[in-house]
Amino acid sequence: MKWIWILGLVALSESMILVPLKKIVPLRERLREKDLLKAFLELYPYSSLEYLYQQPGVSFQPLRNYLDLAYIGTISIGTPPQEFQVVFDTGSTDTWVPSIYCYSAACEKHNTFNPLKSSTFNFTGLPISITYGTGSMKGFFSKDTVKVAGLIIMEQEFGLSVLEPGKFMETAPFDGILGLAYPALGVKGTTPVFDNLWMKGLIAKGVFAFYLTNNQRKGSVAMFGGVDPSYYKGELSWVPLSRPLFWQFTLNGIFMEGVSVGCKGGCQAILDTGTSLIVGPHMAILNIHRLINAKRSLVGEYMVSCDSINKLSDIVFSINGVNYPVPARAYIRQQGANCYSNFEAVPSNFSQQDWILGDVFLRLYFSVFDREKNRIGLAPAA
């Protein structure tokens, strides 16, 4: 395959563009290396996905946890362009970056947008407030030119933060978020980035896709407007959405050696690029940890014998009649001499029963997000 690099853009055809994604060291690993993880988790206990609720004039997104985030990409905003490192996040909708008006310590350590330096900036003032599992932001909406991998969106609405409290946002390895969930999940009266790309004819089809990998020879990418089949093996298997708000679908069951280990009788799941691990209900994850002999550490993480990587069976996710095995080498991560479970439970006092299939799953399976037909496509990653 011939690669043509133009300003960081890999262009395969006029109808599809690729956005290079950079793999970074997750915050959890950096904190662990400095013996700061236990103190951090005590200050900011993990809260998983909770559904949208709204108050007049303010949008509260689902709680998000980016502690294990590993992939970010670059966008620019304004004229002349100002660059930002953002999460391309299928679990949220709105796009936001820090502003020069933000007085939090977090903003001092990240790229901030300066409206005074953009000739195309337009203030709208619509408030935005987002609460995350490990942080939050408050700010306002504005409009300006947004550039995503060479595609220019005029008068795109985006959020500017004025407050980012908490140590998590201060140490986060990204500046902001580019949301790719459905518009109904975002601030009312605004049009998300992907919808403008689609509606304005900047991409040929209302689809985007992700290829996530640890392989440095062929980097991770997000695709907009089409799908490059060289990034997956075989044929795509399509899964209808059960709720076109998140990228939510019906999970038929989870099995290990043919025995149910979770989601008995079926449940709901969300495919989420903004979550690194596989997250599930408290009791189901405890059961999986028991089966793989994972022991809880003093920090609160679940540790596994590294010898188990070559001995434990696959954990299989059954989706729309197709089995998707997740081998031990994927659901156990090794850092130095220690190995950790890539399964994480929501707190026991949460009623949330949905599963979240994050990057652990997405590194194994190329994923297509089809807004035109409200479906997800999956195939083994090349």
Side-chain angles (χ1 to χ4, degrees), residues 21 23 26 28 48-49 64-71 87-91 180-181 208-215 220-223 231-234 236-239 241-242 246-256 261-263 266-281 284-285 288-289 291-292 294 302 304 309 312-334 340-346 352-370 375-382:
L21 300 180
K23 190 174 187 299
R28 184 190 296 270
S48 185
L49 194 68
R64 314 285 293 127
N65 178 6
Y66 295 108
L67 192 59
D68 297 285
L69 179 79
Y71 301 93
V87 182
F88 284 75
D89 182 18
T90 61
L180 292 166
F208 58 92
F210 281 87
Y211 174 80
L212 304 181
T213 180
N214 288 320
N215 188 342
S220 303
V221 294
M223 307 176 186
Y231 282 88
Y232 63 87
K233 303 172 186 175
L236 288 165
S237 296
W238 294 102
V239 183
L241 297 185
S242 55
F246 302 104
W247 290 94
Q248 182 173 332
F249 56 92
T250 298
L251 182 59
N252 303 128
I254 304 171
F255 305 91
M256 190 176 190
V261 297
C263 187
C267 59
Q268 293 296 294
I270 295 164
L271 208 58
D272 186 4
T273 58
T275 296
S276 183
L277 308 180
I278 295 177
V279 181
I285 297 297
I288 289 174
H289 281 155
L291 291 170
I292 66 175
Y302 279 83
V304 187
I309 295 176
L312 287 170
S313 301
D314 296 350
I315 293 178
V316 179
F317 292 78
S318 178
I319 304 171
N320 201 35
V322 178
N323 289 335
Y324 297 88
V326 176
R329 61 176 170 77
Y331 64 75
I332 296 173
R333 69 185 181 278
Q334 184 166 1
Y340 303 87
S341 168
N342 273 333
F343 286 97
E344 187 159 25
V346 299
Q352 177 66 37
Q353 294 298 307
D354 291 352
W355 288 75
I356 307 173
L357 305 186
D359 297 341
V360 170
F361 184 86
L362 292 168
R363 276 191 290 268
L364 298 170
Y365 298 101
F366 179 85
S367 54
V368 181
F369 300 79
D370 188 345
R375 61 181 184 173
I376 292 168
L378 295 170

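With sequence neighbours left out, the ring-ring contact (aromatic ring centres under 6.0 Å, His included) criterion links F255 to no other residue. By the side chain to side chain donor-acceptor pair (under 3.5 Å) test, S237 is found to be paired with no residue, residues two or more places apart in sequence or in another chain being considered. Under the side chain to side chain contact (heavy atoms under 4.5 Å, CB included) criterion, D370 pairs with V207, W238, E372, K373, R375, not counting sequence neighbours. By the side chain to side chain donor-acceptor pair (under 3.5 Å) test, N342 is found to be paired with R333, residues two or more places apart in sequence or in another chain being considered. Qualifying ring-ring contact (aromatic ring centres under 6.0 Å, His included) partners for Y232, counting only residues two or more places apart in sequence or in other chains: F366. The side chain to side chain contact (heavy atoms under 4.5 Å, CB included) check on A294 picks up H289, I292, Y302, V304, with sequence neighbours excluded. Legend: residues meeting ring-ring contact (aromatic ring centres under 6.0 Å, His included) with Y365, ordered by chain and number and at least two apart, are Y324, F361. Y331 pairs by the ring-ring contact (aromatic ring centres under 6.0 Å, His included) definition with F343, not counting sequence neighbours. Under the side chain to side chain contact (heavy atoms under 4.5 Å, CB included) criterion, A269 pairs with F249, L251, W355, sequence neighbours left out. Considering only residues two or more places apart in sequence or on other chains, S318 meets the side chain to side chain donor-acceptor pair (under 3.5 Å) condition with none of them.
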Intermediate values then yes/no, side-chain contact (heavy atoms from CB on, under 4.5 Å), Y340 and I332: CA-CA 6 Å; Y340 303 87; I332 296 173; over 6 Å; no

Please report the C-alpha distance between L241 and F246 in whole Å, then the side-chain angles of each, then the deciding distance to 0.1 Å, and finally whether the side-chain contact (heavy atoms from CB on, under 4.5 Å) criterion is met. CA-CA 9 Å; L241 297 185; F246 302 104; over 6 Å; no

Are D314 and V326 close enough, and set up right, to give a side-chain contact (heavy atoms from CB on, under 4.5 Å), and what steps lead you there? CA-CA 5 Å; D314 296 350; V326 176; over 6 Å; no

In sequence, state the C-alpha distance, the side-chain angles, and the governing distance for F210 and L180, and then conclude on side-chain contact (heavy atoms from CB on, under 4.5 Å). CA-CA 12 Å; F210 281 87; L180 292 166; 3.8 Å; yes

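Atom CG of L271 and atom CD1 of I356 lie 11.0 Å apart (nearest 0.5 Å). Annotation: the span from L212 atom CG to T273 atom OG1 amounts to 7.5 Å, rounded to 0.5 Å. A distance of 12.0 Å separates CG in L236 from CD1 in I376, rounded to the nearest 0.5 Å.
For the pair L312 and M256, the tightest heavy-atom approach, listed with the atom from each and the gap, is CD2-CE, 4.3 Å. Here the shortest heavy-atom pairing between E344 and I285 reads O-CG1, 3.7 Å. A284 and G262 make their closest contact through CB-CA, 4.4 Å (heavy atoms, listed as atom of the first residue, atom of the second, distance). Residues A381 and K233 share a closest heavy-atom pair of O-CE, 3.5 Å. In this structure, A181 and G91 approach most closely via the heavy-atom pair CB-C, 4.3 Å.
Here the side chains of I315 and I254 are in contact, with some heavy-atom distance below 4.5 Å. For the pair T275/D359, no side-chain contact is recorded, criterion being any heavy-atom separation below 4.5 Å from C-beta on. In this structure the side chain of L21 reaches within 4.5 angstrom of the side chain of F88, judged on heavy atoms. Between N252 and T250 the shortest side-chain heavy-atom distance falls below 4.5 Å.
Between the side chains of R363 and Y71, at least one donor N or O sits under 3.5 Å from an acceptor N or O.
Under a 3.5 Å cut-off, the side chain of D272 and the backbone N or O of L357 do not form any donor-acceptor pair. When atom types are taken as modelled, the side chain of S367 and the backbone of A209 share no donor-acceptor pair closer than 3.5 angstrom. Judged by distance alone, with hydrogens and angles left aside, the side-chain atoms of T90 form no donor-acceptor pair with the main-chain N or O of G274 at under 3.5 Å.
Using bins of under 30°, 30° to 60° and over 60° for the plane-to-plane angle, the ring pair F369/F208 lands in the parallel bin.
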